[in-house]
Amino acid sequence: MPELPEVETVARDLNRVLKNHVIKKVVVRVPKMILPLSAEDFGSGLKTWSIEKVSRRAKIIVINLSKPKAKAKKFLLIHLKMTGQLIWMPKIGQAVIGGHPQPGGGHNLPHKHTHAEFHFQDGSVLYFNDMRKFGWLKLVTESEKEIILSPHGVEPLAKDFSLTIFTNLITKYPNRTLKHTLLDQKLIAGLGNIYVDEACFKTGVLPTRPVHTLSRSDLTKLHQEIVAVLKLSIKKKGTSARNYVRADGTKGGFVPYLNVYGRAGLACKQCGNLISKTKHAGRGTHFCSKCQK
DNA sequence: GACAGTGTTTACTC
DNA sequence: TGAGTAAACACTGT
């Protein structure tokens, strides 16, 4: 499931290959996933515009668009939600190098989960796949972009993510559990189920702890571990636990580094105790009852 | 073959 | 006001 490191990886991949590419044609198969809702308006609003850069804010891909004579810039915002994929191919339907066939991704694009296609003047194509159709694509102006992006909290990899700011955010709701708080996108942007569980493990605290029970040193450690796990995962190009793939269709390499997520019933890498799994804050929650207190 | 589980976000109720 | 839950959807594992 795309969280910060996965979205960051896709954004970086796309920024490298798509820069200065001019959109020739857009195909939309599921209009309810786009804004404006009419496939014609969406397509005509993108045609002849070129990709200036691709970046990320929270879990949202931000594509800056420009056009020589246009007065204002435009932005294409894309949220992958649970199962969204953005796969770029140098030529239409060209087989993915190094990728493996898998549900909702890989070879032979477009397929039944391809809901939008962006064709560029050089013949390359960007495919948007989303098995569960939770994702969305929005073509917006600068001010509309701000309305969508601004409710999100601090970027955990930004310079301003200091221990002080982190502590202030975390302790804003002292009675909430740690997991609930870390998943709150309005406080810290980009953390999801995988990295919350992983950061809690590395810190040695249970995700179910109410925030007010955490010591000063717990918070210091947690702050460091959140940054560390995100950075390491980006270095490994993300976690392909299920559907996530990179922009070239290949998988991320972070799964071997997971300590608790997806490891219920397996031995803790640190102490050998079996990893537990419960449901908390509406999500599967993984932890080692020996290493985490 | 039915059905719970998978996790992001929004909208809704209590 | 905050917490909890359902819903959007489709596939996997039991």
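Within every chain, numbering begins at 1; the chains are lettered A, B, ... in the order of the sequence lines, protein sequences first and strands thereafter.
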For A/Arg283 and C/dT5, what is the distance between atoms CZ and C1' respectively, to the nearest whole Å?
-> 13 Å
Rounded off to whole Å, could you give me the OH-to-C1' distance for the A/Tyr244 and B/dG7 pair?
-> 17 Å
Scan A/Gly135 against the nucleic acid and name what it touches under 4.0 Å (heavy atoms): base, sugar-phosphate only, or nothing.
-> nothing
When you look at NZ of A/Lys74, are more than 12 heavy atoms from neighbouring residues, nucleotides or ligands closer to it than 6.0 Å?
-> yes
Symbol by symbol from the 5' end, with Watson-Crick or G-U pairs under 3.5 Å, [ ] crossing and | another strand, DNA chain B is .|||||.|||||||
Taking everything shown except A/Lys53 itself, do over 12 heavy atoms lie less than 6.0 Å from its NZ?
-> no
Rounded to whole angstroms, how far apart are CG on A/Asp184 and P on B/dT10?
-> 11 Å
Answer yes or no: does a side-chain N or O of A/His113 lie under 4.0 Å from OP1 or OP2 of C/dA10?
-> no
Taking the inter-plane angle between the rings of A/His113 and A/His111 on a 0 to 90° scale, is it parallel (under 30°), tilted (30 to 60°) or perpendicular (over 60°)?
-> perpendicular
If you check the A/Arg176 side chain, which of C/dC9, C/dC11, C/dA3 turns out closest?
-> C/dA3
Nucleotide C/dT12, atom P - distance to CG of A/Asn243 in whole Å = 9 Å
Write down the distance separating the P atoms in B/dT9 and C/dC11, rounded off to the nearest Å.
-> 22 Å
Quick one: does A/Ile170's side chain get under 4.5 Å of A/Leu182's, heavy atoms only?
-> yes
Anything under 30° is parallel, anything over 60° is perpendicular, the rest tilted; go ahead and classify A/His21 against A/Phe120.
-> perpendicular
Nearest-Å distance for atom pair NE2/P, residues A/His115 and C/dA10 | 8 Å
On the 0 to 90° scale, with breaks at 30° and 60°, tag the A/Phe161-A/Phe166 ring pair as parallel, tilted or perpendicular.
-> perpendicular
Below 4.0 Å: OP1/OP2 of B/dT9 and any side-chain N or O of A/Lys59 = yes
Can you tell me how far P in C/dC9 sits from the matching atom in B/dG1, rounded to whole Å?
-> 25 Å
Grab the NZ-P distance between A/Lys179 and C/dG4 for me, whole Å please.
-> 14 Å
For the side chain of A/Lys32, counting heavy atoms from C-beta on, which of C/dA8, C/dG2, B/dT9 is nearest?
-> C/dA8
Picking from C/dC9, B/dG5, B/dG7, which would you name as closest to the side chain of A/Arg242?
-> B/dG5
Roughly how many Å is it from CE in A/Met1 to P in B/dG5, rounded to a whole number?
-> 15 Å
Contact class for A/Met82 vs. all strands (heavy atom < 4.0 Å): base, sugar-phosphate, or nothing?
-> base
Taking only the side-chain heavy atoms of A/Tyr261 (C-beta and beyond), determine which of B/dT8, C/dC9, B/dG7 contains the nearest atom.
-> B/dG7
Taking B/dG7, B/dT8, C/dC11 as options, the one with an atom nearest any side-chain atom of A/Lys112 is C/dC11
Option passing salt bridge (Lys or Arg N to Asp or Glu O under 4.0 Å) with A/Arg56 (candidates A/Glu6, A/Glu3, A/Glu155) = A/Glu155
Taking the side chain as every heavy atom from C-beta outward, state whether A/His115 and A/Asn129 have any atom pair closer than 4.5 Å.
-> no
Among B/dT9, C/dA10, C/dA8, the nucleotide that comes nearest once only the side chain of A/Gln185 is considered | B/dT9
Within less than 4.0 Å of OP1 or OP2 of C/dA10, is there a side-chain N or O belonging to A/Lys133?
-> yes
Separation of A/Lys279 atom NZ from B/dT8 atom P, in whole Å?
-> 13 Å
What does A/Gly284 touch in the nucleic acid at a heavy-atom separation under 4.0 angstrom: a base, only the sugar-phosphate, or nothing?
-> sugar-phosphate
